[in-house]
Amino acid sequence: MDYKKIIASNLAVTGLSEEELYNMLALPPDTEMGDYALPCFRLAKTLRKAPALIAEELAANYPCGGGIVSAQAVNGYVNFKVDRKDLAARTLERILAERERYGSSEEGKGKTVCIDYSSVNIAKPFHIGHLSTTVLGSALYKLHKFLGYTPVGINHLGDYGTQFGKLISAYRRWGSREMLEEGGLRALNELYVRFHEEAEKDESLNDEARGYFKKIEEHDPEAVELFELFKELTLKEVSRIYDLLDVHFDSWAGESFYNDKMQPVIDELREKGLLVESEGAQVVDLSAYDMPPCIILRSDGASLYATRDIAAAVYRKNTYDFYKCLYVVAYQQNLHFRQVFKVLELMGKDWAKDLVHVAYGMVSLEDGSMSTRKGRVVYLKDVIDRCIEKALAIIAEKNPSLENKEEIAKTVGVGAVIFGALYNNKIKDITFSYDKVLNFEGETSCYVQYTCARAHSVLEKGGEERICQPDAVTPQEFEVVKKLAEFPDVLTNALEKYEPCFVARYCVDLAQLYNKFYFDCSILNAEGQTRAFRLALTESVLITLRNGLGLLGIGVPSKM
Ligand code: ARG
């Protein structure tokens, strides 16, 4: 139920629409004052009256009912109170009926949303810099699905480029299959680093690499086989991490997938008079939009990253007829996407407006060790492993007799990594700190998980009885109820703004409110209706936290 709507429709203020009133309604900082408040200061000018007087008149004339039990004027505000027992009963009834569907909706029905995320590069390390795109994209995927959309998860693999020529050259000179099978991505990366070191001394290596790259393009069997080996190795390792993080894709169409899909796009650009020559290259001039030209073909005729993205967008529109196509990619690529979107717009694709660059900030490690420059790479796998290890140590210390410690430490450690990357607004640069993400008292997933374990244990001891209708509602209970009722709106909002952090923060807020209730009001020692209501409240919290964390890809152990 939307109380703001009810209040707005029952208020009559000359010159203000219902919608304007709706938007003016605020949440008072202290719920003892009221649950919603209308500040009357802005009205003083048009109504030519003092705010306090306006508030008094509005309060006196407000017809209570429909879940609103009182309207009171205080210092220029009208404070409204909702029927707390009614809100509590309806909220808990809904949660206990909908359970793992609580918060879901059909609002996205019939709409397909392509989400391009993680998009790893073949033969390159999967490092901590990929953490955000991977977990943000995955959370957006789950969120869209939960709200009724049809998401298409796309891993736009970086599987094309001259670097593969370099790798083949390095592999043939210094590598072997055994070495790669043993060393995996690290070994591949070492080969790559070595190539660059040696090429600095010996220029001819670069020509050799170019030759191999050409061979891949010409489908030379040996070159293709080696490339496939690099790809397989990469995907094997990356998939293990995806499994840990509960990340999935519907399509692995990477850059090379568009090899034969660029020509029609290039033809179309030419037909539409958008291609101009610049220093031998074919470019789209974007100076009218304050951007450097978008290079489509290099002077040697080779296509570029942007060319592939333009072809990919066209392909996705034709294949999925998307409602939106999201690109979860670091803000360093802002210009790239602005250029690509603009070129598509100039081509007359009216759906170019549905392309969204969901940009996010950088992740660095506390000790500042993140750098892709020669060898200074922080592998995501290492970060996850270390978090799991640390989680295990903490759990073993806190609860030595706990069964299944390894399994639980995995859920806690992985959760800490995901939550750590998702807790802040996505555009912010973040510094990853092991101690911070694993602080059981902090704004962390383990704090939320621990709260779930607490709720679980209360329910286990409390038995089966549940009553959603309270005989009275304490302030602590009411805070929890209000928060619970917000959950569906939080999800809609998070999706609209592409901010999974809203869900993460919501989980922490709800956990904090539940813990306050838990310490202030006794549950198991209460009696009758109060006890059964508090158990229903506890179960509703557990369900909602589980749903919230689940949308982020984080599991909830029943014991910790
Ligand atoms: N592989 C690219 C990188 O690591 C990201 C690709 C993002 N997706 C896209 N369609 N351009 O920078």
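Positions are given from 1, in the same order as the sequence printed here. Below, each value reflects all heavy atoms present in this structure, side chains not excepted, and no hydrogens, waters or symmetry copies. Both ligands and their constituent atoms are indexed starting at 1 by order of listing. Bear in mind the structure is a predicted one, so any value in this text is a computation, not a measurement.
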Pairs flagged by salt bridge (Lys or Arg N to Asp or Glu O under 4.0 Å) wherever residues 118-131 is involved - sequence neighbours left out: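 For residues 118-131: none.
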Within the protein, residues bringing a heavy atom under 4.0 Å of ligand 1, chain by chain: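 Those residues closer than 4.0 Å to ligand 1 by some heavy atom are Asp116, Ser119, Asn121, His156, Tyr305, Asp309, Tyr327, Val329, Gln333, Phe337.
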All salt bridge (charged side-chain N to carboxylate O under 4.0 Å, His left out) counterparts of Arg316, not counting sequence neighbours: Asp116
Glu255: salt bridge (charged side-chain N to carboxylate O under 4.0 Å, His left out) partners, not counting sequence neighbours: none
Flag side-chain contact, heavy atom, 4.5 Å: Phe195 against Leu167: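 Heavy-atom side-chain distance check fails, nothing below 4.5 Å.
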Residue of the set Phe341, Tyr498, Tyr360, Phe322 for which ring-ring contact (aromatic ring centres under 6.0 Å, His included) holds with Tyr327: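 It is Phe341; the other options fail the test.
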Cation-pi, Phe257 ring and Lys261 (6.0 angstrom, 45 degrees): yes
